[in-house]
Structures are given as structure tokens and as C-alpha cells.
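Chain letters run A, B, ... following the sequence lines, proteins first, then strands; residues in each count from 1.
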There are 2 protein chains.
Amino acid sequence: MTDLLAAFSALSDPTRFSIVEQLMDEGELPAGDLIRGKGMSGAAISRHLKVLREAGLVRHRAKGTMRLYSVQPEGLRAIADWTISRRRFWETSLDRLGEALERENTWPT
Amino acid sequence: MTDLLAAFSALSDPTRFSIVEQLMDEGELPAGDLIRGKGMSGAAISRHLKVLREAGLVRHRAKGTMRLYSVQPEGLRAIADWTISRRRFWETSLDRLGEALERENTWPT
DNA sequence: CCGATATTTAACACATGCGTTAAACAAAGG
DNA sequence: CCTTTGTTTAACGCATGTGTTAAATATCGG
């Protein structure tokens with residue numbers, strides 16, 4: 001399976017998507033923090049994290065007995081590159097990419 | 001399920017992804033054309049097309065007994081919007097969105 | 001070394017996904 | 001009408017995905 005399809009597959013699950021969003025919003029977090037609030041056993045979350053790791057969307061490093069998870073940009077790049085390469089299909093005359101960017105805060109220079 | 005997750009889910013299947021790519025490359029096509037070359041029964045492709053329709057990624061119109069399929073921009077927009085909103089995670093200092101765009105051919109004005 | 005804490009792996013049950021073939025439908029044309 | 005062509009739906013079987021609980025691992029601090 002390509003990187004891109006693996007990324008789509010991994011993100012298509014609501015639990016995994018919310019994990020990625022949480023890591024984007026809160027930065028590096030221990031697995032335990034990702035378990036709390038998801039209404040699911042630690043074992044289930046641990047397996048979701050494995051899927052995200054194998055899709056290249058997150059990475060983790062050991063700190064003592066904890067595993068600190070964070071977003072891995074490479075996996076997202078596969079999606080971003082595809083999206084950009086096909087932008088002609090989602091852009092409209094009144095909604096160019098440049099304007100889409102302006103709806104967001106400007107990136108740091 | 002949100003539009004975004006439905007789109008990810010629909011595109012995570014290799015057959016469905018290839019259908020969307022083919023429609024992007026070749027434009028509107030009858031279901032029969034999408035069946036040929038996929039090495040799979042028409043019934044299977046028809047069900048894949050239904051999944052893509054329900055995810056808002058393709059649409060179809062009747063022409064005689066044929067169904068002409070094409071890409072539906074709205075579904076792709078969900079992905080594009082999310083990707084752009086999170087671009088900070090896949091951009092790098094040497095690879096800004098603007099430069100990524102320049103790697104592609106310029107969009108029509 | 002022992003027990004407590006953090007996380008992953010194993011084994012299992014159940015739901016969903018995807019392909020098949022056969023049947024159903026719909027439009028077109030003789 | 002009746003048949004042919006194009007496409008979808010139904011019924012089924014098998015593989016994969018996702019959650020559970022229990023057990024395994026690993027690190028830390030006496």
C-alpha cells in the first residue's frame with residue numbers, strides 16, 4: 001500500500017483522527033494522556049497508535065516508562081502533496097488557494 | 001461520520017483511489033469504462049462507485065442507459081481545507097506552500 | 001530484588017468491508 | 001413487445017478491523 005493510502009486509511013478512523021488532532025493541538029504527549037478522554041481501553045488506544053506509527057503519521061520516543069508521541073510530518077506530506085497536485089479539482093474561481101491561505105493565520109517567515 | 005473522515009475512508013481503498021484518479025485524468029466517464037482494466041466484476045466497481053458517491057467524491061448523471069461519472073469538487077475540498085488548516089505540520093522552512101505550488105503548473109486565472 | 005506504574009501484546013468475539021455470481025431494472029432499437 | 005446492453009442490487013462467504021480482558025514487558029524507586 002502506498003504511503004498516501006496508508007495515511008488515508010489510518011485517518012479514516014475517528015479515534016485515530018482525534019489522536020492526531022490532539023497531538024497537533026497539544027504537542028508531544030505520553031500515551032497515557034492520549035488514552036484519557038477517548039472512552040476506550042488503553043490496549044485499544046495502543047493499537048491505534050501502532051497503526052498511526054506504521055502509517056508514518058506519528059512517532060514516539062521513550063522517556064522512562066512512558067512513550068511520548070508526536071506528529072510526524074512526513075506522513076502528512078503525502079496527503080498534502082497529493083492534495084496540492086490535484087488542486088485544480090477543488091479550487092474554484094472565487095476560492096483560490098491563495099485566498100484559502102489568507103483565511104488561515106500567516107505562516108512564520 | 002464527518003465529510004472529511006468519509007472522504008479518507010473512501011480514498012483508502014486502492015480500487016476507489018484509482019477510480020478517482022482516472023476520473024481526474026480522463027474526465028467524465030461511463031461506469032463501463034471504469035470497470036474495464038480494474039480486474040474486477042462490474043458489480044464490485046458499482047459498489048465502489050456508490051461508496052465514492054456517498055462520500056461526496058464523485059457524482060453521476062444518466063445518459064441513456066449509461067451512467068456518466070465525474071469528480072465532485074466538494075468532497076475534495078474537505079481534504080484540502082483540513083490539509084491547509086494543518087499545513088504548519090507538513091511545511092518545512094525550505095519547502096513552503098508557495099514553493100510547493102510553484103513545483104506544479106500554475107493554475108488558470 | 002520487589003512492587004507499582006506505563007504501555008504493549010495475545011487471544012478472543014463481533015461487526016464491517018470487499019469480492020463473487022445471479023437476479024433485477026432501465027433504456028434503446030428492431 | 002422482446003432482446004440486448006449497461007448498471008445496480010441481493011445474497012453469500014471470507015478476510016480484516018476494532019473493542020475487550022488478561023498477561024507480558026519495561027522502568028523506577030525503595
For B:Arg59, all residues meeting side chain to side chain donor-acceptor pair (under 3.5 Å), sequence neighbours excluded: B:Ser70

Which residues share a side chain to side chain donor-acceptor pair (under 3.5 Å) with B:Arg53, sequence neighbours left out: B:Tyr69

Pair B:Arg86 + B:Asp81, salt bridge at N-O below 4.0 Å: no

A:Leu11 CG to D:dT18 P, straight-line distance once rounded to whole Å: 12 Å

Sugar-phosphate or base contact per nucleotide [nucleotides 6-18 of chain C; S, B, -; heavy atom under 4.0 Å]: BSBB--------B

Salt bridge (charged side-chain N to carboxylate O under 4.0 Å, His left out) contacts touching residues 35-51 of chain A (sequence neighbours left out): A:Asp33-A:Arg36

Nearest-Å distance for atom pair CD/C1', residues A:Glu54 and D:dT18: 15 Å

Which residue lies more 5' along DNA chain D, comparing A:Lys63 with A:Ser41 via nearest heavy atoms: A:Ser41

Pairs touching residues 21-55 of chain A that satisfy ring-ring contact (aromatic ring centres under 6.0 Å, His included), sequence neighbours left out: none

Nearest-angstrom distance from the residue atom NZ of B:Lys38 to P of C:dG19: 12 Å

Pairs meeting criterion ring-ring contact (aromatic ring centres under 6.0 Å, His included) with involvement of residues 7-43 of chain A, two or more places apart: A:Phe8-A:Trp82, A:Phe8-B:Phe8, A:Phe17-B:Trp82

